[in-house]
Amino acid sequence: MAVPFYDENIYLLNMKNDTEAKLLEVIPSVDVLNTTNTNSIPPTSVLKQLAVAIEAGKNFKTVKDLLASFGNSSPSKEKAGLSFSTVKSLVIREKEDKLASGFGDDKKVLALINSLFDADGKFLQRKLVSDSNTCTPKIPFIKDIHGAPPHGFVVKLSEVIGSFRSLHKMALFWCRVVIELRRFWSEEKHLPGIPVNEIPDLNSCLLYQQLQVINCCLSRKRQHYIATESFDSEMMEAGSNVKESDVSKGTVSAGSALYARLKTGELVLRQGANQLIENLAMLETGEPMYSPITQEGPLLTEDLIRETEELVLRTGSVGAGCSRLLSDMQAFKAANPGCVLEDFVRWHSPPDWIEDEPSDKVPGARGQLSSRMQKGGNLWRELWETSKPVPAIKQTPLYDEDLAVDGILNFFENIPISELFQQLFLALLSLGFVLAEDKLSANENLSKLFYECKDYVVATCQRNTWNDKVDDLCQVYETVETMLVSPEEVIKAIKQADETPTQENESPTRGELKLRFLRLGLNFGNKDKQQKKTPTTTKEPKKNADENPSRPFASFFDTKSSLFAKMSPKAKNLPQVDKPPAIDESNLTVA
């Protein structure tokens with residue numbers, strides 16, 4: 001006979017586990033994020049959650065692998081016989097259904113997505129005193145740690161994803177963001193918080209660069225459409241009846257169209273002419289020379305630049321450069337009928353044209369090509385002989401915008417999970433320090449400590465192994481947050497630290513920055529022991545920071561100081577995050 005058993009301790013434990021599980025499923029609210037996070041720097045809890053995600057993400061290769069581990073993957077359906085567009089729409093629909101089932105409250109997720117992609121940019125908007133009117137301020141700190149502009153899309157995304165309480169929800173939300181990015185591209189909408197038509201900023205994180213490419217590709221497609229219509233209209237307006245009275249120094253114009261006279265006297269329409277080049281005329285015809293409208297170069301992010309350099313070094317290939325040179329030659333021939341290779345060299349590569357004597361009548365008419373251009377089998381001459389007069393607008397594109405963006409979006413779907421959270425971590429870290437510097441730089445009592453924290457962050461993030469120091473970076477960030485929330489406590493602690501004598505065994509070669517942090521850490525640790533004593537069963541010998549050279553700031557970062565504990569009520573109510581897995585410090589080495 002079974003006897004019902006009741007244990008109050010087990011019941012309370014189950015209640016606690018259920019409560020914690022429910023907290024992990026909580027979806028952050030738009031109103032809460034806007035009211036609590038925009039008054040100061042992003043809370044430390046958000047940065048810590050991203051740090052936890054970095055550590056946990058090392059166990060998975062991609063976002064898909066992570067979601068599959070949570071049982072979100074379903075068996076592939078039979079799609080044989082369906083068209084590509086139908087299969088693509090089914091796949092997108094399946095993704096949306098999976099994500100909707102993964103989120104318990106889909107309305108909150110949609111509200112977050114809509115706010116994040118709102119063109120007004122009011123969501124999570126923060127004001128910078130030093131640069132409040134510029135969308136992408138040139139702040140050295142962002143460049144130093146490879147972050148993202150403080151007013152941009154990436155920092156807002158970082159704060160939203162870091163506000164989720166579980167790695168599963170963070171990954172699900174990222175997938176929803178990728179779906180929205182695809183929708184914006186298909187509907188030809190620019191992404192908010194990203195420059196509309198700028199080449200990738202190599203000083204920012206790769207994620208920001210890739211989003212820049214998406215916006216720039218959309219702008220280029222629009223410009224190409226307008227340019228094509230304008231070109232076709234000009235060609236239609238170009239009439240065949242040209243009066244001899246319109247001739248001016250060998251140039252004939254009919255409306256907006258331009259003509260050039262060949263040696264035979266025939267008038268030929270200039271196509272794709274951009275601007276008259278002063279003091280340069282074609283050698284054989286004497287006609288004025290025009291610079292052509294050329295194709296724009298490819299949009300290269302830092303990863304593509306690295307791949308291109310490796311390809312050139314490994315194979316010696318210059319294929320991309322040849323394609324660009326051939327395109328420029330074709331555009332130049334179309335804009336300058338009757339030109340020769342020497343004319344192109346004088347415009348495209350002036351150092352390769354050596355003038356014999358200056359001429360007042362036709363400047364630059366006498367001269368010769370450089371020795372490298374005259375060598376047999378010269379690539380320029382071979383390309384020139386094969387090139388045809390084709391304006392840039394009618395050439396095969398050197399850079400396919402649709403293919404480039406599709407590749408980026410596919411990469412987003414399979415992005416290495418740890419790499420994603422590392423970029424979001426640095427973006428949020430840069431935002432916090434930029435905002436804090438705006439408020440603390442003029443503070444006589446706190447500015448010195450702030451800049452010491454900033455210098456430490458820069459020095460750490462510039463190392464290749466910075467992701468092993470995310471806990472230390474979070475502690476430094478928490479110090480900065482405390483300067484803003486409880487400045488009196490920090491000032492008091494600094495004064496006490498200044499009065500603390502330096503230990504005899506402290507090495508002076510560590511520098512003033514490390515010494516101050518160690519002194520502050522020891523001071524806070526002693527203060528904690530006086531205020532709160534915890535019973536211990538065994539006593540372990542106190543370790544000096546120097547015993548572990550791999551963590552020179554151990555005393556400062558590992559001590560649970562009263563400074564960090566005395567947070568404002570608002571800060572105390574911030575959501576807690578799971579602690580990252582413990583690291584075996586015995587295996588660590590000095591970076």
Side-chain angles (χ1 to χ4, degrees), residues 28 32-52 116 121-132 137 139-142 144-164 193 205 421 423-443 445-458 460-461 470-491 557 561 563-577:
V32 173
L33 286 174
N34 261 334
T35 55
T36 60
N37 290 359
T38 56
N39 296 327
S40 182
I41 65 175
T44 305
S45 60
V46 177
L47 194 71
K48 286 183 176 180
Q49 183 64 28
L50 292 174
V52 172
L116 193 60
K122 295 181 179 180
F123 179 60
L124 292 176
Q125 186 176 18
R126 290 180 169 89
K127 293 182 179 180
L128 279 173
V129 177
S130 59
D131 201 349
S132 58
I139 301 176
F141 181 76
I142 298 175
D144 292 337
I145 71 170
H146 225 50
H151 299 295
F153 176 85
V154 175
V155 293
K156 294 181 180 181
L157 175 65
S158 304
E159 193 164 355
V160 172
I161 290 185
S163 299
F164 285 90
C205 63
F421 291 126
Q423 295 182 69
L424 298 179
F425 180 90
L426 291 179
L428 197 66
L429 185 67
S430 65
L431 172 64
F433 269 84
V434 168
L435 292 171
E437 185 171 6
D438 230 24
K439 300 177 181 180
L440 297 175
S441 58
N443 191 313
N445 297 317
L446 298 175
S447 60
K448 186 176 182 181
L449 178 60
F450 168 77
Y451 283 111
E452 288 173 349
C453 293
K454 179 181 175 182
D455 291 341
Y456 172 77
V457 170
V458 171
T460 302
C461 292
V470 289
D471 292 342
D472 295 348
L473 292 172
C474 287
Q475 290 290 352
V476 175
Y477 186 89
E478 188 175 10
T479 303
V480 174
E481 183 185 30
T482 310
M483 293 183 200
L484 298 171
V485 177
S486 304
E488 298 83 4
E489 289 291 331
V490 180
I491 295 173
F557 293 132
S561 67
L563 174 61
F564 297 150
K566 289 189 176 182
M567 302 293 288
S568 65
K570 183 184 293 185
K572 287 184 179 180
N573 293 329
L574 291 173
Q576 300 296 318
V577 297

Report task. Answer yes or no: is there a side-chain heavy-atom contact under 4.5 Å between Cys461 and Leu426? Result -> yes

Requested in this report: Would you check if the side chain of Ser430 reaches a backbone N or O of Gly147 as a donor-acceptor pair within less than 3.5 Å?
Outcome: no

Report summary line: So CG of Leu428 and CD1 of Ile41: to nearest 0.5 Å the spacing works out to 9.0 Å

**Report entry** Close side-chain approach of Glu478 to Lys48, heavy-atom, < 4.5 Å
**Finding:** yes

Query raised in the report: With a 4.5 Å limit on heavy-atom distance, are the side chains of Ser447 and Leu440 in contact?
Result: no

Query raised in the report: Has the side chain of Lys454 got a donor or acceptor atom that lies under 3.5 Å from a matching backbone atom of Phe433?
Result: no

Requested in this report: Would you name the heavy atoms of Pro42 and Leu435 that are closest together and state the gap between them?
Outcome: CD-CD1, 4.2 Å

Query raised in the report: What's the shortest heavy-atom distance between Met483 and Leu446, and which atoms?
Result: O-CD1, 3.7 Å

Query raised in the report: Is there a donor-acceptor pair closer than 3.5 Å between any side-chain N or O of Ser486 and the backbone N or O of Thr482?
Result: no

**Report entry** Gap separating the OH atom of Tyr456 from the CG atom of Leu473, nearest 0.5 angstrom
**Finding:** 6.0 Å

Query raised in the report: Are Leu431 and Glu159 side-chain neighbours, meaning at least one heavy-atom pair lies under 4.5 Å?
Result: yes

Query raised in the report: With side chains defined as the heavy atoms from C-beta onward, is the minimum distance between Phe421 and Ile161 less than 4.5 Å?
Result: yes

Report summary line: Closest non-hydrogen contact found for Pro43 with Glu481 is CA-OE2, 3.4 Å

Report summary line: In this structure, OG of Ser441 is separated from OH of Tyr451 (nearest 0.5 Å) by 4.5 Å

